[in-house]
Amino acid sequence: KMKMDLTMNDRNNLRFQALYGALVPQIARQVPFTEPEVSCLLLIYYKYSLQNGPTARKITNVQFEKIVIGFQQLYDMDVVDRIVTLITGDRKHVTPMEFIQYMTIIMSSDLERKMEFAYLVYDKFGLGISRELISNAVEKFFPGEDDEVLEMRLDMIEFLILKFDEDQDGIITFDEYKSVVLRQPQLLEFLGPIFPSKEIRQVIAYCTAIYSHIPELASM
């Protein structure tokens with residue numbers, strides 16, 4: 001029987017089939033990937049799990065954090081930590097389904113889904129996007145402490161609040177955020193990068209064999 005992965009020995013190939021063979025069609029019915037694509041993604045997951053020992057079945061949050069940084073070329077650790085927390089529920093391990101769900105989010109071109117996820121990333125405490133959260137994000141755009149930088153920060157904070165906080169109550173709700181982004185999709189990531197660029201998504205699609213997403217990305 002043909003091996004799933006030529007870089008793994010027979011034992012690991014058989015163990016992968018035993019662990020994930022029945023899971024592949026179940027997952028494929030729930031996500032926008034084909035069965036061969038789900039198999040390839042689960043192989044990546046499985047190879048990471050092998051680093052935790054020959055009988056390990058899950059990857060750790062630390063490994064997943066490295067995947068997020070590597071796949072997305074994302075170096076804002078506050079955002080990375082928030083993504084990891086949203087995917088895992090703050091547990092110490094990541095399940096195969098959670099890993100696949102993460103891949104569907106970063107590869108998605110669905111604006112609605114991206115808005116929902118971006119807002120959750122920005123809404124760190126689950127209370128809405130406050131002036132304090134905006135201020136913390138803007139501080140990263142304009143590092144430094146001289147008067148000119150401080151003035152630029154204040155101007156940007158006021159601009160964003162006026163733009164998004166439609167009822168001026170000091171909190172940007174999801175509906176307010178969505179209303180603005182639907183009119184101006186370029187403001188999806190208004191408090192800093194979350195999603196990989198189209199170019200990086202193409203690289204991810206080639207490297208993970210998500211071939212069904214490559215024509216879609218190439219035509220965007």
Side-chain angles (χ1 to χ4, degrees), residues 60-90 94 101-205 207 217 220:
T60 66
N61 272 14
V62 173
Q63 289 174 307
F64 184 55
E65 189 175 90
K66 290 176 181 174
I67 291 170
V68 172
I69 293 168
F71 274 21
Q72 298 183 233
Q73 300 293 291
L74 190 59
Y75 304 106
D76 182 337
M77 290 311 296
D78 287 339
V79 174
V80 172
D81 289 344
R82 184 72 183 137
I83 289 172
V84 172
T85 299
L86 285 170
I87 296 296
T88 67
D90 215 15
V94 182
Q101 289 289 6
Y102 162 73
M103 292 301 301
T104 69
I105 289 165
I106 65 167
M107 296 304 291
S108 177
S109 56
D110 180 343
L111 182 59
E112 185 82 28
R113 182 159 198 196
K114 291 174 90 165
M115 283 189 295
E116 288 172 1
F117 190 73
Y119 186 84
L120 288 172
V121 171
Y122 295 145
D123 182 14
K124 191 174 180 181
F125 305 112
L127 301 170
I129 300 172
S130 64
R131 186 185 186 92
E132 181 186 359
L133 289 174
I134 295 169
S135 180
N136 291 341
V138 168
E139 194 172 332
K140 295 172 187 174
F141 304 157
F142 301 106
E145 294 300 328
D146 59 68
D147 290 345
E148 189 176 343
V149 169
L150 293 173
E151 192 174 332
M152 282 194 294
R153 272 190 214 155
L154 284 172
D155 287 346
M156 177 60 82
I157 291 165
E158 293 306 322
F159 169 76
L160 291 174
I161 288 171
L162 282 170
K163 182 81 177 172
F164 284 90
D165 187 11
E166 293 175 349
D167 61 6
Q168 297 296 297
D169 67 348
I171 297 290
I172 299 171
T173 64
F174 176 69
D175 286 341
E176 288 172 327
Y177 165 75
K178 179 178 176 179
S179 172
V180 173
V181 175
L182 285 176
R183 295 194 303 269
Q184 295 177 268
Q186 68 272 24
L187 292 174
L188 172 72
E189 298 169 274
F190 81 112
L191 291 183
I194 295 173
F195 303 103
S197 66
K198 185 186 86 168
E199 290 74 21
I200 291 174
R201 283 164 63 207
Q202 279 186 303
V203 172
I204 293 170
C207 292
L217 286 166
M220 283 174 66

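Keep in mind the model is a prediction, meaning the values are calculated, not measured.
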Approximate separation, where rounding is to 0.5 Å, of L120 CG and M115 CE:
12.0 Å
Please list, chain by chain and in numerical order, all residues satisfying side-chain contact (heavy atoms from CB on, under 4.5 Å) with T173, sequence neighbours excluded.
D175, E176
For Y122, ring pair (Phe, Tyr, Trp, His ring centres under 6.0 Å) partners two or more places apart
F190
Could you check if a side-chain atom of I129 sits within less than 4.5 angstrom of a side-chain atom of Y119, using non-hydrogen atoms only?
yes
Tell me if the CD atom of E199 is crowded by more than 12 foreign heavy atoms within 6.0 Å.
yes
To check you understand the geometry: which heavy-atom pair defines the closest contact between S108 and R201, and what is its length?
O-NH2, 3.5 Å
Below 4.5 Å, heavy atoms only, C-beta onward: do I87 and I105 meet side chain to side chain?
yes
Determine which pairs satisfy ring pair (Phe, Tyr, Trp, His ring centres under 6.0 Å) with at least one residue from residues 64-86, sequence neighbours left out, and list them in order.
F64-Y102
The side-chain hydrogen bond (donor to acceptor under 3.5 Å, both in side chains) partners of E166 (sequence neighbours excluded) come to S179
Might you confirm whether atom CG of D147 has over 12 heavy atoms from other residues, nucleotides or ligands at distances under 6.0 Å?
no
Show me the donor-acceptor pairs, under 3.5 Å and distance only, between side chains in residues 153-165 and residues at least two apart or in other chains.
{"from": "R153", "atom 1": "NE", "to": "F142", "atom 2": "O", "distance (Å)": "2.9"}
{"from": "R153", "atom 1": "NH2", "to": "F142", "atom 2": "O", "distance (Å)": "3.0"}
{"from": "R153", "atom 1": "NH2", "to": "G144", "atom 2": "O", "distance (Å)": "2.4"}
{"from": "E158", "atom 1": "OE2", "to": "R131", "atom 2": "NH1", "distance (Å)": "3.1"}
{"from": "E158", "atom 1": "OE2", "to": "R131", "atom 2": "NH2", "distance (Å)": "2.3"}
{"from": "K163", "atom 1": "NZ", "to": "Q184", "atom 2": "OE1", "distance (Å)": "2.4"}
{"from": "D165", "atom 1": "OD1", "to": "Q168", "atom 2": "N", "distance (Å)": "3.3"}
{"from": "D165", "atom 1": "OD1", "to": "D169", "atom 2": "N", "distance (Å)": "3.4"}
{"from": "D165", "atom 1": "OD2", "to": "D169", "atom 2": "N", "distance (Å)": "3.2"}
{"from": "D165", "atom 1": "OD2", "to": "G170", "atom 2": "N", "distance (Å)": "2.8"}

P143 versus V149, closest heavy-atom pair with distance
O-CG1, 3.7 Å
If you draw a 6.0 Å radius around CD in Q73, do more than 12 non-hydrogen atoms from other residues or ligands fall strictly inside?
yes
Rounded to the nearest 0.5 Å, the CG atom of L133 sits from the CG atom of D78 at a distance of 10.5 Å
Step-by-step side chain to side chain contact (heavy atoms under 4.5 Å, CB included) determination, M77 to I69
CA-CA 9 Å; M77 290 311 296; I69 293 168; 3.8 Å; yes
Taken in chain and number order and not counting sequence neighbours, the residues that satisfy salt bridge (Lys or Arg N to Asp or Glu O under 4.0 Å) with D76 are K140
Using a 4.5 Å cut-off on heavy atoms from C-beta on, say whether the side chain of D81 contacts that of E65.
yes
What residues form a side-chain contact (heavy atoms from CB on, under 4.5 Å) with P193, not counting sequence neighbours?
L74, E189
Checking I134 against I172 for the side chain to side chain contact (heavy atoms under 4.5 Å, CB included) test, could you report, in this order, the C-alpha distance in whole Å, the side-chain angles of both residues, the deciding distance, and whether it holds?
CA-CA 10 Å; I134 295 169; I172 299 171; 3.6 Å; yes
Kindly indicate whether the side chain of V181, heavy atoms from C-beta on, has any atom under 4.5 Å from the side chain of L111.
yes
Tell me whether the rings of F195 and F117 are parallel (<30°), tilted (30 to 60°) or perpendicular (>60°).
tilted
Got a sec, which pairs hit salt bridge (Lys or Arg N to Asp or Glu O under 4.0 Å) with one end in residues 109-123, sequence neighbours left out?
E112-K178
So I83 and Q72, do their side chains get closer than 4.5 Å, heavy atoms only?
yes
Answer yes or no: is there a side-chain heavy-atom contact under 4.5 Å between R82 and I194?
no
Nearest 0.5 angstrom please: E151 CD to D146 CG, how far?
10.5 Å
